[in-house]
Amino acid sequence: MTLRILFNRGLAALAMILLASPASADTTTGITDTTIKIGIPGPFTGNASSYSKAEIGLDAYYKWVNDQGGVHGRKFVTVLEDYACAEAKGIAAAKKLIYQDQVFMLHGNSCSAVAVAMKPTVVEAGVPWVVAHAVNDKISSPPTKNIFHGVPVGSTYGLAMAKFVLSKPDTKTVAIIQHSNDWANSYCIPAKEYMAKQGIKPAVETTFERGQTDSTPQVLQIRQAKPDFVIACLYEAETAIFFNDMRKYGVNVPVMGTAGTDLENTLKRVGDLETVKSYFVPHNYVDNTEGPRMKKWNDIILKYYPQETITGFSAISIGSAVAVIEVLKRVGRDLTREKFLAEMDKVRDFDTGILAGKINWSATDRDGVKEAAVAGFVNGKPTVLKSWGKPLFERP
Amino acid sequence: MFSQLILSGIAQGAIYALVALSMTVVYRATTIVNFGHGDMVMAGAFIAYLFVVLLGLPFLPAAFVAVVLLFILGVAIQRGLIEPIKAGPHIGFAMMSIAVGYVLRGIARAGWGREVLPMPRVFDIPPIFVGDLILTGDSLVVIGVVATFLTAFFVVFHRTRIGQVIQAVYQSERGAALIGINVRAFHCMMWGIGVAMAAIAGVLLAPITLLYPDLGANFLIRGFAAMTLGGFGSLGGAIAGGILLGVAEQLLGFYVSTKLIDIAAYLVIISVLILRPVGLFGKAAIVRV
């Protein structure tokens, strides 16, 4: 092989690499005359896999939109990619969806740490990304050209959590148990800041790391502190372990959890209502999870995933999907990523019919939803509350 | 509070001890460090769950079935996967054990990938208050079962003919073979016993924690830490190491920082390897040339 042939081949290889690079990505990537390809990354396996109910709900919604005729003659092709709630796998999943599957946009993402890890890859690629479950503020703040948050961010939740905790009469001492990661901080730090303004400093702050199977030292610390309320910024499995250990050691204190847990799954995992009857979580919907205003959305999920059990996570991503469909309708048939992104920034006071808060996106603020309520068990049923002991919807 | 932490540390450490002992049994018999052992703990827990929740068997028969199945799995690993590569490099055994562990984890993920599973409470005993001390049902059952099992194990090991045979092979395989002991069958038996003991740890864990396919990783590293602390290859050391690790986690977590619980096992491994590489009960190997 001569030097000239080698040089030519090298040049050709370089050209191929450049053509495949993000900078040259076509703004109509993922769009054909009849389809729009959407990448849905989610934790479909692993110990946080119940979060993927959000991505299942999202996928069901896109399938339902297809059955309604799609948008401007195009139907959605969804590509679900698992990252098992692991950062490295999340980056790999993003790269696969962007460069191999060549999706038009990404939509989904549970697990904040994974979303934060994926962010540089997605920003570099310029692919529109609507984050529809992960909550870390850093995902969408400061704003970037192509990332939008379609659920309340951690600071919004943290504030709602702290306000609810302090709405319980005579709350003087609060204990905090949390993971030592960004996700937990995104809830717990705003909650602590709000409580500090009200003159309440946590009586005890304790760490319970992911994957641990015993929280005895933490529970004993809390027992010793005798708090009026506990704020638990823990993932689902650890929340259940924490409750089990509280039960074992006879600790009976109300617990305010995060949007990373829901009442139904926590009850299922802990196994008895008595132990979790004073558990509260942020709530995102216009109604109780199984209330009449949620029936339409739950039915959509069950139509395409009949085996699915509906929980508080199931419909969380659909609100932002409703907004995406609206934006795609506004853009029209001549769809490009640029036009889509520009139209996304014009969404104002958009009522999704499913999220409690309206969606607002602009070039300077991508935290789309700024309201969250709280849900807890009332007479054994998950119920949305406006404050301690006061249901938001009075029903017979 | 101190006594409370000691008690819960012993309960937690009892499970680590069982894991460490079962790893030591295989290691002493075959010189293979089973890196898939944590996944075998997970498999034991999942099989018990399968029989209790999905097939409606009571817990004790389900636990028995899990232990028997894992015993068979251990024998099968030795016969079908280890023996064929015994002429190869020793690292091959480690790779094989990792691969088997991941296969088990993959099977669990395929079946229950999206779930974190709760086992119905088996040891649902209300806490007993003795002054400030709380005796939880879980702690009492775990400590009781592990203590009974370990007593039986060491009685068999030190006081029976079978135990003498095991000790003979531990000391010299060639010598044991010369006096007519079937070393090949012995290896199979030790793999079976080791993996069955992992299953016992799994069935004890199942009702007191949540089940998910990656559950075993935590117990593998704690098993290693307990083995290192007690002295690699020492049966009694594995028990002591497990209990001490469990207690250390609780005390460090409560009095220093709960952030240390997660890294306690690694701190133990690093400290022991630097300060006393043979562990508490290990013996320095003497090589005569």
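Throughout, protein chains are lettered first and strands after them, A, B, ... in sequence-line order, and every chain is numbered starting at 1.
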Notebook entry, point to check: Tell me, side chain or backbone of Gln250(B) under 4.5 Å from chain A's heavy atoms, or both, or neither?
Noted result: both
Notebook entry, point to check: Is it the case that Ser110(A) and Glu55(A) place a side-chain donor and acceptor less than 3.5 Å from each other?
Noted result: yes
Next item on the list: Report yes or no: do Thr258(B) and Thr206(A) form a side-chain donor-acceptor pair below 3.5 Å?
Entry: yes
Note to self: Please check this pair: side chain of Ser112(A) against backbone of Trp183(A), looking for a donor-acceptor N/O pair closer than 3.5 Å.
What the structure shows: no
Note to self: Can you tell me which residue among Leu5(B), Ile6(B), Leu7(B) is in a side-chain contact (heavy atoms from CB on, under 4.5 Å) with Val247(B)?
What the structure shows: Ile6(B)
Note to self: Does the plane of the ring in Tyr279(A) sit parallel, tilted or perpendicular to the ring in Phe243(A)? Use 30° and 60° as the thresholds.
What the structure shows: perpendicular
Notebook entry, point to check: Would Ser49(A) and Ser52(A) count as having a side-chain donor-acceptor pair, cut-off 3.5 Å?
Noted result: no
Note to self: Taking every non-hydrogen pair under 4.5 Å, which of Thr213(A), Ile177(A), Asn244(A) racks up the most with chain B?
What the structure shows: Thr213(A)
Notebook entry, point to check: Is a donor on one side and an acceptor on the other found under 3.5 Å between the side chain of His179(A) and the backbone of Phe208(A)?
Noted result: yes
Check: Is Asp262(B) salt-bridged to Arg210(A), cutoff N-O under 4.0 Å?
Finding: no
Item checked: Leading residue by heavy atom contact count with chain B [cutoff under 4.5 Å; candidates Val270(A), Ile241(A), Leu220(A), Asp272(A)] -> Leu220(A)
Note to self: Please output the residues of residues 217-225 of chain B in contact with chain A, using a heavy-atom cutoff of under 4.5 Å, in numerical order.
What the structure shows: Asn218(B), Phe219(B)
Next item on the list: Examine whether an atom of Leu135(B) lies under 4.5 Å from a heavy atom of chain A, and if so say whether it belongs to the side chain, the backbone or both; otherwise answer neither.
Entry: neither
Item checked: Region of Gln221(A) in contact with chain B, defined by heavy-atom distances below 4.5 Å -> both
